[in-house]
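Below is one structure, written out as structure tokens, with a few remarks after it.
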Amino acid sequence: EVQLVESGGGLVQTGGSLRLSCAASGFAFDDYSIGWFRQTPGKEREGVSAIHNGDGATYYLDSVKGRSTISNDKAKNTVYLQMNNLKPQDTATYYCGAMWALTISTAGGPIKCGVGYWGEGTVVTASS
């Protein structure tokens, strides 16, 4: 059974940091890319960052570039998203998704249509 389990969300003040985790199981981790996406009520799910587990290539949405770092631990089949200098506009539910084929938007983040498996999400709130 394929599972993606997110954790690490929470409430932080503007300027604070969080590290999100996505623990994957049930598929060949190295053959997939893992992306982080976020969504607020009434808006489309937006691709924030992605990592290709095979070669380690990373991608970032322009608005989080320089404030976020995506990484993986292949021994644990886990992908992390370190988010620093959080802003109120970063407030959202964050989901991780596994993609066989990774497509990057012109804004720099992954495109959600390539996601085959989704996690349940973790909530990030950055308060001003």
Side-chain angles (χ1 to χ4, degrees):
E1 179 189 5
V2 172
Q3 278 196 317
L4 295 170
V5 180
E6 301 97 335
S7 61
L11 172 64
V12 297
Q13 290 188 330
T14 296
S17 298
L18 285 173
R19 189 178 80 155
L20 308 183
S21 299
C22 172
S25 61
F27 61 94
F29 189 73
D30 279 12
D31 291 344
Y32 281 75
S33 297
I34 302 292
W36 283 98
F37 300 78
R38 63 188 181 189
Q39 190 170 22
T40 54
K43 292 194 174 180
E44 290 287 318
R45 194 168 292 191
E46 172 185 57
V48 176
S49 183
I51 185 167
H52 189 285
N53 287 326
D55 62 15
T58 58
Y59 306 88
Y60 298 94
L61 182 68
D62 289 343
S63 63
V64 305
K65 199 173 294 181
R67 302 189 291 123
S68 299
T69 303
I70 192 169
S71 61
N72 62 15
D73 183 337
K74 292 186 178 184
K76 296 182 178 180
N77 280 8
T78 298
V79 170
Y80 304 99
L81 182 67
Q82 176 70 42
M83 303 183 68
N84 301 321
N85 191 21
L86 282 161
K87 304 177 180 182
Q89 53 263 45
D90 295 318
T91 295
T93 300
Y94 283 71
Y95 301 88
C96 65
M99 297 164 283
W100 176 260
L102 175 61
T103 303
I104 301 300
S105 74
T106 55
I111 292 177
K112 67 179 181 180
C113 65
V115 175
Y117 308 112
W118 287 104
E120 295 294 316
T122 186
V123 178
V124 171
T125 304
S127 64
S128 57

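In what follows, residues are counted from 1 in the order of the sequence shown. Heavy atoms only: backbone and side chains are in, while hydrogens, waters and symmetry mates are out.
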Using residues 85-93 as the side-chain source, report each donor-acceptor pair under 3.5 Å to any protein atom, sequence neighbours left out, with the distance given to one decimal.
residue, atom, partner, partner atom, Å
Asp90, OD1, Arg38, NH1, 3.0
Asp90, OD1, Arg67, NH2, 3.1
Asp90, OD2, Arg67, NH1, 2.8
Asp90, OD2, Arg67, NH2, 3.4
Asp90, OD2, Lys87, N, 2.8
Thr91, OG1, Pro88, O, 3.0
Thr91, OG1, Ala126, N, 2.9
Thr91, OG1, Ala126, O, 3.4

Can you tell me if Ser17 and Asn84 form a side-chain donor-acceptor pair at under 3.5 Å?
-> yes

So do the side chains of [X] and [Y] get within less than 4.5 Å of each other, counting heavy atoms only?
| X | Y | result |
| --- | --- | --- |
| Val5 | Glu120 | no |
| Asp31 | Trp100 | yes |
| Leu102 | Tyr32 | no |
| Leu20 | Ser7 | no |
| Pro110 | Met99 | yes |
| Tyr80 | Asn72 | no |
| Phe37 | Tyr94 | no |
| Trp118 | Arg45 | yes |

Any side-chain to backbone donor/acceptor pair from [X] onto [Y]? Under 3.5 Å, distance only.
| X | Y | result |
| --- | --- | --- |
| Tyr117 | Phe27 | no |
| Ser105 | Ile111 | no |
| Asn53 | Phe29 | yes |
| Thr122 | Gly9 | yes |

Are Val115 and Ile34 connected in a single hydrophobic cluster, I mean Ile/Leu/Val/Met/Phe/Trp/Tyr linked by side-chain heavy atoms less than 4.5 Å apart?
-> no

How long is the straight-line distance from [atom2] of [Y] back to [atom1] of [X], given to the nearest 0.5 Å?
| X | Y | atom1 | atom2 | value |
| --- | --- | --- | --- | --- |
| Leu4 | Cys22 | CG | SG | 4.5 Å |
| Leu81 | Thr69 | CG | OG1 | 8.0 Å |
| Ser33 | Asp55 | OG | CG | 7.5 Å |
| Ser25 | Gln3 | OG | CD | 4.5 Å |
| Leu18 | Ser68 | CG | OG | 10.5 Å |

Walk me through it: do Ser127 and Val12 pass the test side-chain contact (heavy atoms from CB on, under 4.5 Å)?
-> CA-CA 6 Å; Ser127 64; Val12 297; over 6 Å; no

Lys65, NZ atom: more than 12 neighbouring heavy atoms under 6.0 Å | yes

Worked verdict on Ile70 versus Tyr59 for side-chain contact (heavy atoms from CB on, under 4.5 Å) = CA-CA 8 Å; Ile70 192 169; Tyr59 306 88; over 6 Å; no

Taking NZ, NE, NH1 and NH2 as the nitrogens, is one of them in Lys112 or Glu44 under 4.0 Å from a carboxylate oxygen of the other?
-> yes

Should Tyr95 and Trp36 be marked as a ring-ring contact (aromatic ring centres under 6.0 Å, His included) after you check the CA-CA gap, both sets of side-chain angles, and the distance that decides it?
-> CA-CA 6 Å; Tyr95 301 88; Trp36 283 98; 9.3 Å; no

